[in-house]
Undergrad: 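Below is a structure I'd like to ask you about.
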Number of protein chains: 2
Amino acid sequence: MDAIDRLLVRLLEEDARRTYNELSAQVRLSANTVADRVRRLRAAGVIRGFRADLDPAALGRGLTMVSDVRLREDVDRTHFERELHRVPQVVSGARMTGEYDYQLRLACLGPAEFETVVDRLKREHGVRELRSRLVLHELDVSATGLLDLA
Amino acid sequence: MDAIDRLLVRLLEEDARRTYNELSAQVRLSANTVADRVRRLRAAGVIRGFRADLDPAALGRGLTMVSDVRLREDVDRTHFERELHRVPQVVSGARMTGEYDYQLRLACLGPAEFETVVDRLKREHGVRELRSRLVLHELDVSATGLLDLA
DNA sequence: AATGAAAGCACACTGGT
DNA sequence: ACCAGTGTGCTTTCATT
């Protein structure tokens with residue numbers, strides 16, 4: 001994980017579809033060596049994968065809510081986590097310390113859909129309490145931050 | 001934005017480096033047409049870009065905190081949002097409704113670094129109050145959700 | 001919008017320093 | 001770890017429907 005690896009990661013973070021050839025020109029190594037390095041970064045788990053970055057709004061999901069969630073005492077967390085992918089509006093989530101057990105991010109068509117999601121989480125997934133707020137807008141914080149101290 | 005576009009988006013969401021050739025085999029159109037469709041999806045803003053998905057832990061940032069933030073009355077939100085990228089530990093953020101003004105996600109080396117970030121946000125960025133909790137682990141919710149109703 | 005043909009590139013191998 | 005050469009496969013452009 002030297003300076004060149006960090007540069008490669010940064011370039012792929014900007015545009016994951018850059019060719020090895022293009023990368024090689026930037027880092028002044030052969031395309032071959034670059035491909036090797038990228039494979040190593042993947043194998044090491046630094047790069048988890050390459051994803052298309054989608055705009056929920058452009059897909060009609062203009063309403064994003066962040067919901068803190070507390071589960072009922074009797075529900076199994078592992079089970080909750082496994083079953084959560086059945087609710088398509090849940091776009092991410094994390095277990096957290098603090099007053100609540102999880103924080104979920106919900107991308108919805110509108111308030112009506114959010115309402116059905118709330119009901120569903122309570123009815124089918126053992127959610128006891130739910131504290132939600134609306135995302136007004138996302139900040140773009142140029143994801144290069146992860147590399148500045150790595 | 002028909003069913004084929006949705007399938008393409010899903011495939012690129014799984015692996016953004018799939019070739020047009022591979023995609024063409026999946027959707028039973030020519031590679032050419034697939035490339036056209038993907039370009040259109042980009043132009044339409046449905047696909048914002050292609051990103052390498054990095055593991056903060058593998059980069060040494062093993063401590064992720066979620067912090068709700070309230071700004072001092074006198075600070076300009078636009079300015080706050082523009083200057084935030086100077087704090088490399090801030091990996092994402094959003095303006096929100098509710099008791100707090102923003103929610104930030106902070107990827108830190110450890111508690112000591114988090115402490116310096118807290119101080120810096122208060123000293124340099126007009127943060128008045130900060131309510132933080134630790135991310136225990138992220139859930140993986142197979143990001144296909146955005147497409148199931150799109 | 002979709003297709004096929006063909007030129008130009010990029011990629012994965014192998015082998016070699 | 002890095003590089004060069006080679007064959008194969010990919011992307012792109014253009015003409016066509």
Side-chain angles (χ1 to χ4, degrees), chain A residues 1-62 109 143-144 146-150, chain B residues 1-62 109 143-144 146-150:
Chain A
M1 198 58 205
D2 58 8
I4 293 177
D5 281 341
R6 259 176 276 135
L7 179 51
L8 289 173
V9 168
R10 190 183 306 242
L11 291 165
L12 287 169
E13 156 62 44
E14 255 174 49
D15 179 4
R17 282 185 77 88
R18 279 199 232 261
T19 65
Y20 294 126
N21 247 296
E22 189 186 341
L23 296 173
S24 83
Q26 300 270 339
V27 303
R28 307 195 146 276
L29 287 173
S30 76
N32 220 323
T33 305
V34 168
D36 273 349
R37 277 175 178 261
V38 173
R39 276 188 281 270
R40 248 181 286 128
L41 288 165
R42 291 206 60 164
V46 173
I47 297 174
R48 278 195 284 234
F50 301 100
R51 307 267 117 87
D53 175 17
L54 307 181
D55 182 0
L59 288 159
R61 309 309 203 64
L109 280 163
T144 170
L146 270 178
L147 298 160
D148 290 352
L149 285 106
Chain B
M1 196 61 203
D2 59 7
I4 292 176
D5 282 341
R6 258 175 277 135
L7 179 50
L8 289 173
V9 168
R10 190 183 305 245
L11 291 165
L12 287 169
E13 156 61 47
E14 256 173 49
D15 178 4
R17 282 184 75 89
R18 281 200 230 261
T19 66
Y20 294 127
N21 243 293
E22 188 187 342
L23 295 172
S24 84
Q26 300 270 339
V27 302
R28 306 197 144 275
L29 289 174
S30 76
N32 221 324
T33 305
V34 168
D36 273 347
R37 279 176 175 260
V38 173
R39 275 187 282 271
R40 249 181 285 129
L41 289 165
R42 291 205 60 162
V46 173
I47 297 175
R48 277 195 286 235
F50 301 100
R51 304 268 122 80
D53 175 18
L54 307 182
D55 182 0
L59 289 158
R61 309 307 203 65
L109 281 160
T144 171
L146 271 179
L147 299 160
D148 291 352
L149 284 107

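Atoms considered below: every heavy atom in the structure, side chains included; atoms not considered: hydrogens, waters and symmetry mates. All chains are named by letter (A, B, ...) in the order of the sequence lines, taking the proteins before the strands, and each is independently numbered beginning at 1. Given the structure is predicted, the values throughout are model-derived calculations rather than measurements.
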Undergrad: Under 4.0 Å, heavy atoms only, any strand: does B:R18 hit a base, just the sugar-phosphate, or nothing?
TA: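 Nothing: the residue B:R18, judged by heavy atoms under 4.0 Å, touches no strand.
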Undergrad: Could you tell me which non-hydrogen atom of B:R18 sits nearest to which non-hydrogen atom of A:R17, and how far apart they are?
TA: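 Answer, listing the atom of B:R18 first, then A:R17: O-NH1, 2.8 Å.
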Undergrad: Reading DNA chain C from 5' onward, which residue's closest nucleotide shows up sooner: B:I4 or B:R17?
TA: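 By nearest-heavy-atom nucleotide position, the 5'-most residue is B:I4.
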Undergrad: Can you tell me the distance, in whole Å, between the CZ atom of A:R28 and the P atom of D:dC2?
TA: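 About 15 Å, once rounded to whole Å.
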Undergrad: If I take atom CG in residue B:L23 and atom C1' in nucleotide D:dG9, what distance separates them, rounded to the nearest angstrom?
TA: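 Between C1' of D:dG9 and CG of B:L23: 15 Å.
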Undergrad: Just how far, in rounded Å, is C1' of C:dC11 from CG of A:D36?
TA: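 Interatomic distance, CG of A:D36 to C1' of C:dC11: 12 Å.
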Undergrad: Just jot down the salt bridge (Lys or Arg N to Asp or Glu O under 4.0 Å) partners of A:R48, sequence neighbours excluded, or say none.
TA: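 With sequence neighbours excluded, A:R48 shows a salt bridge (Lys or Arg N to Asp or Glu O under 4.0 Å) to B:D53, B:D55, given in chain and number order.
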Undergrad: For B:A58 and A:G45, work out which heavy atoms get closest and say how close.
TA: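 Heavy-atom minimum between the residues: CB-O, 3.7 Å.
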Undergrad: Could you tell me whether the side chain of B:N32 has a donor or acceptor atom within less than 3.5 Å of a complementary atom in the base of D:dT13?
TA: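 Yes.
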Undergrad: Return the minimal non-hydrogen interatomic distance between A:F50 and A:A16, and the atom names on each side.
TA: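 Looks like CD2-CB, 3.6 Å.
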Undergrad: Rounded to the Å, how far apart are B:E22 CD and C:dC11 C1'?
TA: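 Rounding to the nearest Å, CD of B:E22 and C1' of C:dC11 are 14 Å apart.
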Undergrad: Quick one, A:L59 and B:M1 - any side-chain contact, counting heavy atoms below 4.5 Å?
TA: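 Yes, at least one pair of side-chain atoms sits under 4.5 Å.
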Undergrad: Over all strands shown, is B:T33 touching base, sugar-phosphate only, or nothing at heavy-atom distances under 4.0 angstrom?
TA: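 The residue B:T33 makes base contact.
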Undergrad: Under 4.0 Å between a side-chain N or O of A:R37 and OP1 or OP2 of D:dC2?
TA: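 For A:R37, the contact criterion (side-chain N or O under 4.0 Å from OP1 or OP2 of D:dC2) is met.
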Undergrad: Can you check the B:N21 CG to C:dC9 P distance for me, whole Å?
TA: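 Taking atom P of C:dC9 as the reference, CG of B:N21 is at 18 Å.
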Undergrad: What contact category does A:R39 fall into here, base, sugar-phosphate, or nothing, at under 4.0 angstrom with non-hydrogen atoms?
TA: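 Sugar-phosphate contact only.
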Undergrad: Write down the distance between OH (B:Y20) and C1' (C:dA2), rounded to a whole number of angstrom.
TA: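 For the pair B:Y20 OH and C:dA2 C1', the rounded distance is 17 Å.
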Undergrad: Check every atom of C:dA10, D:dT11, D:dC3 against the side chain of A:T19 and return the nucleotide holding the closest atom.
TA: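 Out of C:dA10, D:dT11, D:dC3, the nucleotide with an atom closest to A:T19's side chain is C:dA10.
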Undergrad: Starting the side chain at C-beta, find the nucleotide from C:dA12, D:dC3, C:dA2 nearest to B:R40.
TA: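 Minimum distance to the B:R40 side chain belongs to C:dA2.
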Undergrad: Tell me: CG of B:L29 to P of C:dG4, nearest whole Å?
TA: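 About 11 Å, once rounded to whole Å.
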